[in-house]
Number of protein chains: 2
Amino acid sequence: MNVTIKDVAKLANVAPSTVSRVIANSSKISEKTKERVRAAMQELGYHPNFNARSLANNTTKTLGIVMPNSAKVAFQNPFFPEVIRGITAKAHQENYGLYLSTGQTEEEILDEVMEMVYGHRVDGIILLYSRIGDKVMPFLLEKEFPFVLIGRPYDIDESLVTYVNNDNYKATKTVTEYLLLLGHEKIGFIGGSLDFVLTLDHLQGYKDALEKANITVRDEFIVHQSEVKEGGQDAIIELMSLNQRPTALVVTDDIMSFGVLRMLDEMGVKVPEDLSLVSFNNVMISEFSSPPMTTVDIHIYDLGFRATELLISDVLHPEQAKRKEIISHKLIKRQTCSKVKKG
Amino acid sequence: MNVTIKDVAKLANVAPSTVSRVIANSSKISEKTKERVRAAMQELGYHPNFNARSLANNTTKTLGIVMPNSAKVAFQNPFFPEVIRGITAKAHQENYGLYLSTGQTEEEILDEVMEMVYGHRVDGIILLYSRIGDKVMPFLLEKEFPFVLIGRPYDIDESLVTYVNNDNYKATKTVTEYLLLLGHEKIGFIGGSLDFVLTLDHLQGYKDALEKANITVRDEFIVHQSEVKEGGQDAIIELMSLNQRPTALVVTDDIMSFGVLRMLDEMGVKVPEDLSLVSFNNVMISEFSSPPMTTVDIHIYDLGFRATELLISDVLHPEQAKRKEIISHKLIKRQTCSKVKKG
DNA sequence: CTGAAAGCGCTTACAG
DNA sequence: CTGAAAGCGCTTACAG
């Protein structure tokens, strides 16, 4: 019922193998034959069967995207759509398809990745996160399956994995120093779950900036929230209940900042007059908060785009050395920061 | 190099066909044999090759997701992640994989869909939008390829397609009537591009509510914006420059509302004192706007979940009648609406 | 430059 | 309940 390579071959009066070569645009086939075959394909409305091709040459032309287990939460954060947008752009350019992970728990995700690999569903995998104790990467490493990490490897020799990341340590350090320059000394930190390597980097940058300025790091100023949504709110209540309130806040995610700003508004705390805030990601809507937030643009789209580029290159040349790439970041100053109030 | 069905067969001392039947868990195989075969699979670390299976039985166990061409814009709107989340949940439950469209233009998307269909990449397709003049649906219809639409068909006999939708007409009508009840008579409308069927429904609901209340529909109160992001801003400037400003606004998208609220704040227009606003979608962060927005929850997740359920059912039973399903909506009252000011 | 043949790893009537 | 055989639609050495 379906038009196959054989039908085309018959009509064009050539062997199936020749048709196959025309599809691959092999240089060994004469222009004349190519034209004849192409005409036959046109006439019959031929389209190659991907599964057959994949089976024959062990290649799928599709890339797997693996999201953190908290898909529920994750996808509510514009980070993921945006990084996927970058991935999509490059993948489309290079004629790769995209296969999405659907697992909700760490275990399910590992199962899926195993299926992607063993089942030959994809040629390579993009990991959208780096989590401590993660088992996906060790598995991929062991199978020598091409993958690229968005984030940085942890507990694993860096030379073994291709990854693209921001300098999150430096970004957080800079941002904290910026707050210090504005005269703030009581600076709070609201970050994500300590399960993520990202959070470690954020935290270290924050601490080092303070220490460099000879300011003691206070544990009660540091709050971690895995649940981005309500997290922002709980965190701010905690901080604002302290005897010594911070006068500035480093919040590591724009969506969290939305929650924080809302909460502060309700509590009657004026931003930036009473409290300054610096955020991270520069997600589209972050300029629509009130007041519009000062935030670090980490070029999410580029993370996805470059990761895909590197992955495809690794897929095509598995023998080449792993590479790392740092995507630049940029502080976008809007209206949530001001000099500390005297007194 | 790879462990295949043959290796397992050899070790278990059965024929490859038997192994295949064990994988399919055929009831014709004795428990004893099953156990022996499973043990062999375990021992060898066997995993089925999906491409081979797909080729042999012409089934992929994967579903295609097709996003609107404006992927650039689209994905910035939390609607898509959220609907995909619903899709993901059901797909995972039923052991289906997900394949994502990557095209950026209408033409590219059609090409991709054709490739999905002709290339046997997916068993069925979920269309995340309904656009006027769209060519994807007619193609799918012609090929009799299983698909489900999120939205409603336009210019196509409804009995021909399975779809899941909200009653957007009624929702907008109700919301407008709510504003009327609060005493507003000058009610503006900020909607999406007229290319989308969704916008037609929104607009009709808005108009009918006004007409029913004997209020003339004013063209200058109606603004369409395709670009959600800046759109919100341009639109509000236009409206607020009128001699007769509206006292209330129906905005058909939360993200747009964020832009609108920001703009109003800058212009010194107080919400809800000077202007009321009702929005649509109840996206996660919509409760974090200031003030928190009153919006219609359209149960995006459910749209995706049910669509997937229906699609899988259509894939499995192509002969059955097409179905339609309306997902409920609910007005979430927060703080952007109040009675009209006297005078 | 082109063809005949084997093979990729499964599934599924058909027999028994 | 199990096996032998054909087939799914491609690709790719190997010959010529």
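Order of the sequence lines fixes the chain letters, A, B, ..., with proteins taken first and strands second; residue numbering starts at 1 for each chain.
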B/Asn49 atom CG is separated from D/dC10 atom P, nearest whole Å, by 17 Å
Flag for A/Arg323-A/Ser313: side-chain donor and acceptor within less than 3.5 Å: yes
Begin from the C-alpha positions of B/Ile65 and B/Val83 and carry the test side-chain contact (heavy atoms from CB on, under 4.5 Å) through to its verdict. CA-CA 11 Å; B/Ile65 297 180; B/Val83 76; over 6 Å; no
Between CZ of A/Phe50 and C1' of C/dG9 the distance, given in whole Å, is 19 Å
Taking pairs as Watson-Crick (N1-N3 plus N6-O4 or O6-N4) or G-U wobble (N1-O2 and O6-N3), each distance under 3.5 Å, the stems of three or more consecutive pairs with DNA chain C are C:1-3 with D:14-16, C:5-12 with D:5-12, C:14-16 with D:1-3
So with a 6.0 Å cut-off around NZ of B/Lys322, is the heavy-atom count from everything else above 12?
-> yes
Whole-Å distance, B/Tyr118 OH to D/dG9 C1', equals 17 Å
Residue pair A/Val14/B/Pro16 against DNA chain C: nearer the 5' end by closest nucleotide is A/Val14
Take atom CD in B/Gln93; do more than 12 heavy atoms of anything else shown fall under 6.0 Å from it? yes
Rounded to whole Å, CG of A/Asn13 lies from C1' of C/dG3 at a distance of 13 Å
Worksheet item: Going by heavy atoms in the side chains, are A/Tyr46 and A/Val37 under 4.5 Å from each other?
Response: no
By nearest-heavy-atom nucleotide on DNA chain D, the more 5' of A/Asn51 and B/Lys28 is B/Lys28
**Sidechain-backbone polar pair: A/Arg36 side chain, A/Ala12 backbone, donor-acceptor under 3.5 Å** = yes
- prompt: Under 4.0 Å between a side-chain N or O of A/Tyr46 and OP1 or OP2 of D/dC10?
  reply: yes
Would B/Thr162 and B/Leu311 satisfy side-chain contact (heavy atoms from CB on, under 4.5 Å), going step by step from the backbone distance to the final call? CA-CA 8 Å; B/Thr162 292; B/Leu311 177 58; over 6 Å; no
Winner on side-chain proximity to B/Thr4, out of C/dT2, C/dG3, C/dC10, is C/dC10
Separation of C/dG9 atom C1' from A/Arg53 atom CZ, nearest Å, is 18 Å
Worksheet item: Do the side-chain N and O atoms of B/Arg121 and A/Thr62 include a donor-acceptor pair separated by under 3.5 angstrom?
Response: no
To the nearest angstrom, the CG-P distance between A/Asn2 and D/dC10 comes to 8 Å
Inset, instruction - Go through the side-chain N and O atoms of A/Thr59 and A/Asn57 and say whether any donor and acceptor fall under 3.5 Å apart. - result: no
Note: contacts of residues 29-42 of chain B with DNA chain D (heavy atom, under 4.0 Å) are B/Ile29, B/Ser30, B/Thr33
Check: Taking everything shown except A/Gln320 itself, do over 12 heavy atoms lie less than 6.0 Å from its CD?
Finding: yes
Atom CG of B/Asn57 and atom P of C/dC10 are separated, to the nearest Å, by 12 Å
**Asked** Considering residues, nucleotides and ligands other than B/Glu158, do more than 12 of their heavy atoms fall under 6.0 Å from its CD?
**Response** yes
(request) Please state whether the rings of A/His47 and B/Tyr118 are parallel, tilted or perpendicular, taking 30° and 60° as the class boundaries. (result) parallel
Residues of residues 17-27 of chain B with a heavy atom under 4.0 Å from any atom of DNA chain C, listed by number, are B/Ser17, B/Ser20, B/Arg21
To the nearest angstrom, the CD1-C1' distance between B/Ile5 and C/dG7 comes to 16 Å
